[in-house]
Colleague: 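What follows is a single structure, and I will ask about it in a moment.
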Number of protein chains: 2
Amino acid sequence: MNRNASDVCEVYYVNEKHVAKARKVLSSDREILALAETFRNLGDPTRVKILQALTVEELCVCDLAKLLGVSESATSHQLRVLRSRRLVRFRKEGKMAFYSLDDEHIVTLMKEALRHVREGIA
Amino acid sequence: MNRNASDVCEVYYVNEKHVAKARKVLSSDREILALAETFRNLGDPTRVKILQALTVEELCVCDLAKLLGVSESATSHQLRVLRSRRLVRFRKEGKMAFYSLDDEHIVTLMKEALRHVREGIA
DNA sequence: ATCACACATGAACATGCGTTCAGGTGTAGG
DNA sequence: CCTACACCTGAACGCATGTTCATGTGTGAT
């Protein structure tokens, strides 16, 4: 049978001090969820490309669609995901919508993640 | 019908210069995929908690399971995901496996993401 | 006003992902 | 050797997520 955390574990070998210590540094559930959702929004190749592209300059949906090689509809959906976590913002100019990165944290996140990835020899 | 990037778009209003400029900054497909996978691995509340907890000190699977309130099996699976992108590493000591963060980039990523999240009033 | 277009949205479908269950591996102790 | 245990892994289930199709919205031009 599968053991769960309530039988053997806590009595015989869990180090409660370590657990308590670790628990203190955890963010609130709300922040944890927000963090996870933010990372998940970043966790798609198409959206990574969008964000990398937007580090240069703002782009309209059509340019992005062309760059990514997907339909405008798909691009628009992805942009909505990114908007939901305030990773990008946009302004309307006539019929066009120009998207840009919402804040500098995003740039930092991307750069730091890229460093991590590149360290992996790969 | 749905328009795709190959009919109207490129001829009439896509700004090819912008597209070309943006394309230059894009990482290789391999790096893009690695980035997306890394972010996706971070995009789960349980794994976020694990990483936050490990910023304090290394912990064994059992401690983590207790902290998270889930089974050891589930914890082990999540740890495997984190290992797959080298977000954590582990060392064996007798029967126990102690996990810790793989590099400092992870700490930076978490902190920066937390700043972003907290700026969102929320 | 009407049309074309640039983009957004809703719904449906298929894939992927996290969780759980069951069993497996390797180590420590008797 | 055998047992107990700390952890790992494979498979299956169910939900969430990404993509596509079709339609809707709003702007600019004629």
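Chain naming here is simple, since letters A, B, ... match the order of the sequence lines and numbering starts at 1 in each.
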Colleague: Assign Thr46(B) to base, sugar-phosphate, or nothing according to its heavy-atom contacts below 4.0 angstrom with the strands shown.
Modeller: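 Here Thr46(B) touches the backbone only, sparing every base.
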
Colleague: With DNA chain D as reference, determine whether Ala74(B) or Val81(A) sits nearer its 5' end, using the nearest nucleotide of each.
Modeller: Ala74(B)

Colleague: Over how many whole Å does the gap from Leu79(B) atom CG to dA6(D) atom P extend?
Modeller: 16 Å

Colleague: Verify the contact: side-chain N or O of Arg83(A) to OP1 or OP2 of dT9(C), cut-off strictly under 4.0 Å; return yes or no.
Modeller: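 It does, given that an N or O in the side chain of Arg83(A) lies less than 4.0 Å from OP1 or OP2 of dT9(C).
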
Colleague: Between dG18(C), dT19(D), dC8(D), spot the one nearest the side chain of Phe90(B), thanks.
Modeller: dC8(D)

Colleague: Taking the side chain as every heavy atom from C-beta outward, state whether Ser84(A) and Asn41(A) have any pair of such atoms under 4.5 Å apart.
Modeller: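 Yes, at least one pair of side-chain atoms sits under 4.5 Å.
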
Colleague: In whole Å, I'd like the distance from the CD atom of Gln78(A) to the C1' atom of dA8(C).
Modeller: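 For the pair Gln78(A) CD and dA8(C) C1', the rounded distance is 14 Å.
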
Colleague: Using atom CG of Leu33(B) as one end and atom P of dG16(C) as the other, report the distance to the nearest whole Å.
Modeller: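 Taking atom P of dG16(C) as the reference, CG of Leu33(B) is at 13 Å.
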
Colleague: Shorter than 3.5 Å, N or O on both sides, protein versus nucleotides 25-30 of chain C: list them out with atom names.
Modeller:
none

Colleague: Find the distance Glu37(B):CD to dC17(C):P and express it as a whole number of Å.
Modeller: 8 Å

Colleague: Answer yes if the side chains of His105(A) and Glu119(B) hold a donor-acceptor pair under 3.5 Å, and no otherwise.
Modeller: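 His105(A) vs Glu119(B): donor-acceptor pair found between side chains.
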
Colleague: Rounded to whole Å, how long is the line connecting atom CZ of Arg40(A) with atom P of dG16(C)?
Modeller: 17 Å

Colleague: Cation-pi check, Arg83(B) to Phe90(B): give yes when NZ or CZ is under 6.0 Å from the six-membered ring centre and within 45° of the ring axis, no otherwise.
Modeller: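 Judged by the rule (NZ or CZ under 6.0 Å from the ring centre, within 45° of its axis), Arg83(B) counts as positioned above Phe90(B).
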
Colleague: Are side-chain heavy atoms of Leu79(A) and Leu64(A) found at a separation under 4.5 Å?
Modeller: yes

Colleague: Between dT9(C) atom C1' and Glu72(A) atom CD, what is the distance in whole Å?
Modeller: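 So the two atoms are 14 Å apart, to the nearest Å.
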
Colleague: Could you pull out the protein-nucleic contacts involving nucleotides 10-13 of chain D (nitrogen or oxygen on both sides, under 3.5 Å)?
Modeller:
from    : atom 1 : to       : atom 2 : distance (Å)
dG10(D) : OP2    : Arg80(B) : NH1    : 3.4
dG10(D) : O6     : His77(B) : NE2    : 2.8

Colleague: Going by salt bridge (charged side-chain N to carboxylate O under 4.0 Å, His left out), name the pairs with one or both residues in residues 92-109 of chain B, residues two or more places apart or in two chains.
Modeller: Arg91(B)-Glu93(B)

Colleague: Would you mind listing the cluster partners of Leu33(B)? Hydrophobic ones only (ILVMFWY), side-chain contacts under 4.5 Å, chaining allowed.
Modeller: none

Colleague: Which nucleotide in the set dC7(D), dT20(C), dC7(C) lies at the smallest distance from any side-chain heavy atom of Ser76(A)?
Modeller: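 Output: dC7(C).
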
Colleague: Reckon Phe98(A) touches a base, only the sugar-phosphate, or nothing at all at heavy-atom distances under 4.0 Å?
Modeller: nothing

Colleague: State the OG1-NZ distance between Thr108(B) and Lys111(A), to the nearest 0.5 angstrom.
Modeller: 13.5 Å

Colleague: Find out whether Val117(B) and Glu37(A) are in side-chain contact, i.e. whether some heavy atom of one side chain is under 4.5 Å from a heavy atom of the other.
Modeller: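 Not in contact.
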
Colleague: Taking the side chain of Val61(A) as heavy atoms from C-beta outward, which of dA6(D), dC8(D), dC7(C) is closest to it?
Modeller: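 For the Val61(A) side chain, the nearest candidate turns out to be dC7(C).
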
Colleague: Mind jotting down which residue pairs meet the salt bridge (charged side-chain N to carboxylate O under 4.0 Å, His left out) criterion with at least one end in residues 38-53 of chain A? Sequence neighbours excluded, please.
Modeller: none

Colleague: Please report the distance, rounded to the nearest Å, between CG in Asp44(B) and P in dG18(C).
Modeller: 6 Å

Colleague: What integer distance in Å separates Leu42(B):CG from dC17(C):P?
Modeller: 14 Å

Colleague: Would you say a side-chain N or O of Tyr99(B) is under 4.0 Å from OP1 or OP2 of dC8(D)?
Modeller: yes

Colleague: Other than Val81(B), which residues form its hydrophobic cluster under the rule that side-chain heavy atoms must be closer than 4.5 Å?
Modeller: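 ILVMFWY cluster around Val81(B) holds nothing else.
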
